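Here the structure comes first, spelled out in structure tokens, and everything after it is commentary.
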Amino acid sequence: MKFEDSRIRILVDTPLNKSGEFVLYWMTAQRRSTWNPALQHAADLAEMLNRPLLVVEPFSSDYSFASDRLVTFVVQGMLDNRKSFEELGIRYIPWVETHQERGAGLLRRMASKSCVVVIDDFPCGHPRFVLERAQKILDTRLHAVDGCGVIPMSWTDKAPPLAHTFRRVVQRRILDVILDGPKENPLESRSSVLSIPDNQYESLMESLDFEGTPLEWLWRVAEGGITGKEALNPLPIDHDVFPVVNCRGGSVEANRLLEVFINKKLAHYSDGRNNPSNCTTSRLSPWLHFGHISALEVVHRVLEKYRWDPSMSSEKVSGSRHGWWGLDEAPESFLDQIITWRDLGFHFAYHRPDYASFESIPEWAQMTLINHANDPRPSYSFQELEEAETHDEIWNAAQRELKETGVIHNYLRMLWGKRILEWAPDPVTASKWMVDLNDRWALDGRDPNSYTGIFWVLGRHDRAWGPERPVFGKVRFMSSANTARKLDLSGYLSQFGSDTSDRIEG
DNA sequence: ATCGGCTCGCGCAA
DNA sequence: TGCGCGAAGCCGAT
């Protein structure tokens with residue numbers, strides 16, 4: 001199968017609209033101008049049709065988890081994209097949905113004037129909803145392009161039950177992606193027809209009755225603080241979920257973090273990744289979630305750094321975690337994260353619409369958890385958990401980290417979940433509480449990977465492990481006491497522990 | 001400090 | 001049909 005074809009799905013199979021004025025890329029998930037197969041495909045179509053390319057980046061404020069935190073992060077990314085597309089000479093319109101106009105109406109209006117619409121394929125959350133709605137309401141030809149991860153989602157035919165299962169797919173086919181994947185710069189050396197001259201652009205926008213979101217408003221939101229808050233106030237979104245301080249969304253910041261990771265942290269990744277007080281992880285998850293950076297770019301940068309070439313990899317497809325690449329331990333274990341574990345979530349959600357519910361965990365886990373659903377347990381209300389008011393200081397610190405920074409350290413996130421399983425009234429409620437807390441507060445919530453993490457707690461992609469215990473049954477058990485023994489939590493607790501509550505100001 | 005047992009389903013070899 | 005093996009753990013024995 002040709003690489004290009006494996007990432008494209010035709011959602012509305014009508015003929016190309018020859019009287020259309022442009023090709024529209026509706027950028028709902030891969031919010032970047034590089035390593036973007038949807039942008040590449042849209043530009044290919046525009047060149048073929050001899051029409052200009054119009055890129056619209058929408059963000060919906062009309063869904064349950066839209067908040068000051070998410071809008072700020074996305075708007076910061078829009079300013080980066082605006083600059084990139086301006087330099088490339090391609091028309092780009094950022095648009096944050098308001099009361100006045102809904103996304104569906106705007107998309108329909110713009111689609112009627114375009115030859116074909118390209119949209120990001122995405123297996124869950126709001127981007128999936130937008131995609132499915134577009135398929136229902138559009139008459140214009142509609143292509144969905146999968147720029148989610150490294151291995152195209154069409155390369156599996158069912159949800160992989162274990163990482164080991166999926167790793168075989170990775171090892172069998174990753175060279176196809178590395179040698180013939182999406183381009184770093186999809187708009188490089190293109191026909192000038194893709195650009196729209198100023199005078200033509202003005203009349204086009206007038207006929208579309210559309211201006212996008214005013215630049216001045218975007219600037220105010222991106223600035224954050226009081227200015228940002230005032231700008232966001234009129235939107236019908238969750239204002240209690242405040243923007244993360246000292247955190248900037250967008251491709252520019254994502255690339256800076258990538259440089260720091262490659263040059264300073266990656267070599268110590270194996271030892272440091274589980275140390276919450278001095279973490280050597282990439283911290284890129286939120287930027288990956290919003291598509292501000294591509295996982296494929298990260299992979300290329302790692303392979304470049306270690307001067308890897310295909311002859312170093314093993315011909316044997318064992319699914320084993322170590323040794324396949326022929327690299328050191330550190331890059332190999334990071335590549336397993338960014339490829340196997342990240343893509344696993346996308347492939348799972350792609351094949352399983354119930355990816356965020358209890359029924360998505362394996363049968364042995366459902367059985368054992370239900371068998372123990374009536375075991376007595378310590379209990380907290382959802383509010384107590386959300387407010388980080390438990391007797392477990394390690395857990396409270398993790399919950400505070402989530403609320404303040406929008407992420408939880410990767411090792412403590414497992415403990416965070418295991419304790420919610422312990423404290424919620426029953427395992428089904430536990431899964432709902434984890435999803436709700438994470439969707440609301442995490443910058444990378446509502447992502448397939450968030451669900452992988454949450455449902456791993458309940459046994460997904462895991463096996464029965466250890467003796468049968470109360471509440472957990474045969475599901476892998478973790479405790480705060482052991483975590484405290486195993487990790488150096490001193491720095492973490494002084495940052496997020498309760499006795500420092502006066503550290504938060506403003 | 002390190003080691004085995006706990007436990008189960010998948011994919012592949014036979 | 002059997003076998004090897006697996007995201008991160010825990011516990012008790014040495």
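So that the names make sense, note that chain A is the first sequence line, chain B the second, and so on, each numbered from 1. Not measured: the values here are computed from a predicted model.
One donor-acceptor pair, N or O on each side, does fall under 3.5 Å between the base of dA8(C) and the side chain of Arg273(A).
The phosphate of dC8(B) (OP1 or OP2) has a side-chain N or O of Lys474(A) nearer than 4.0 angstrom. Here Arg321(A) reaches the OP1 or OP2 of dA7(C): one of its side-chain N or O atoms lies under 4.0 Å away. Between Asn482(A) and dC10(C), a side-chain N or O to OP1/OP2 separation shorter than 4.0 Å is present. Between Arg172(A) and dC12(B) there is a side-chain N or O to OP1 or OP2 distance below 4.0 Å. A close approach under 4.0 Å does not occur between any side-chain nitrogen or oxygen of Arg413(A) and OP1 or OP2 of dA8(C). For Arg469(A), no side-chain nitrogen or oxygen approaches OP1 or OP2 of dC10(C) to under 4.0 Å. Contact check, Asn410(A) against dA7(C): no side-chain N or O comes under 4.0 Å of OP1 or OP2.
One interatomic measurement links the two molecules: CD of Glu468(A) to P of dC8(B), which rounds to 8 Å at whole-angstrom precision. Distance CD (Gln366(A)) to P (dC8(B)): 16 Å, rounded to an integer number of Å. Separating the CZ atom of Arg463(A) from the P atom of dG5(B) is a distance of 14 Å, rounded to the nearest angstrom. Rounded to whole Å, the distance from CH2 on Trp465(A) to C1' on dG5(B) is 10 Å. The nearest whole Å value for the distance from the CG atom in Leu162(A) to the P atom in dG11(B) is 8 Å. Arg485(A) places its CZ atom 16 Å from the C1' atom of dT2(B), with the value rounded to the nearest Å. Taking atom CZ on Phe477(A) and atom C1' on dA8(C), their separation rounds to 15 Å, with Å as the unit. Distance His322(A) NE2 to dA8(C) P: 10 Å, rounded to the nearest Å.
One finds a salt bridge joining Glu259(A) and Arg301(A) here, because a Lys/Arg side-chain nitrogen approaches an Asp/Glu carboxylate oxygen to under 4.0 Å.
Both cation-pi conditions hold for Lys418(A) and Trp456(A): the charged atom is under 6.0 angstrom from the six-membered ring centre and inside a 45 degree cone around its axis. Under the 6.0 Å distance and 45° angle rule, Arg69(A) counts as a cation-pi partner of Phe242(A). For Arg446(A) and Tyr63(A), the positive end is not near the middle of the six-membered ring at less than 6.0 Å and at most 45° from its axis.
Base pairing of dG5(B) is made with dC10(C), judged by Watson-Crick or G-U wobble geometry with both donor-acceptor distances under 3.5 Å. Across all strands shown, the partner of dG11(B) is dC3(C), judged by Watson-Crick or G-U wobble contacts whose two distances both fall under 3.5 Å.
Base engagement by Met414(A) is indicated by at least one non-hydrogen atom pair under 4.0 Å involving a base atom. Backbone-only contact: Trp364(A) has heavy atoms under 4.0 Å from sugar-phosphate atoms and none from a base.
Atom P of dG5(B) sits at a distance of 15 Å from the matching atom of dG4(C), rounded to the whole Å. Comparing the P positions of dT1(C) and dT7(B) gives an interatomic distance of 24 Å, to the nearest angstrom. Spacing of P atoms, dT2(B) relative to dA7(C), comes out at 23 Å, to the nearest Å.
Checking dC12(B), dA7(C), dT7(B) against the side-chain heavy atoms of Arg168(A) singles out dC12(B) as nearest. Side chain of Pro467(A), nearest nucleotide from dG11(B), dC6(B), dC8(B): dC6(B). Nearest to the side chain of Ser479(A), among dG11(B), dG9(B), dC10(C), sits dC10(C).
Asn36(A) places a side-chain N or O within donor-acceptor distance of the main-chain N or O of Leu39(A), the cut-off being under 3.5 Å. Listed for the Thr340(A) side chain is no donor-acceptor partner under 3.5 Å among the backbone atoms of Arg167(A).
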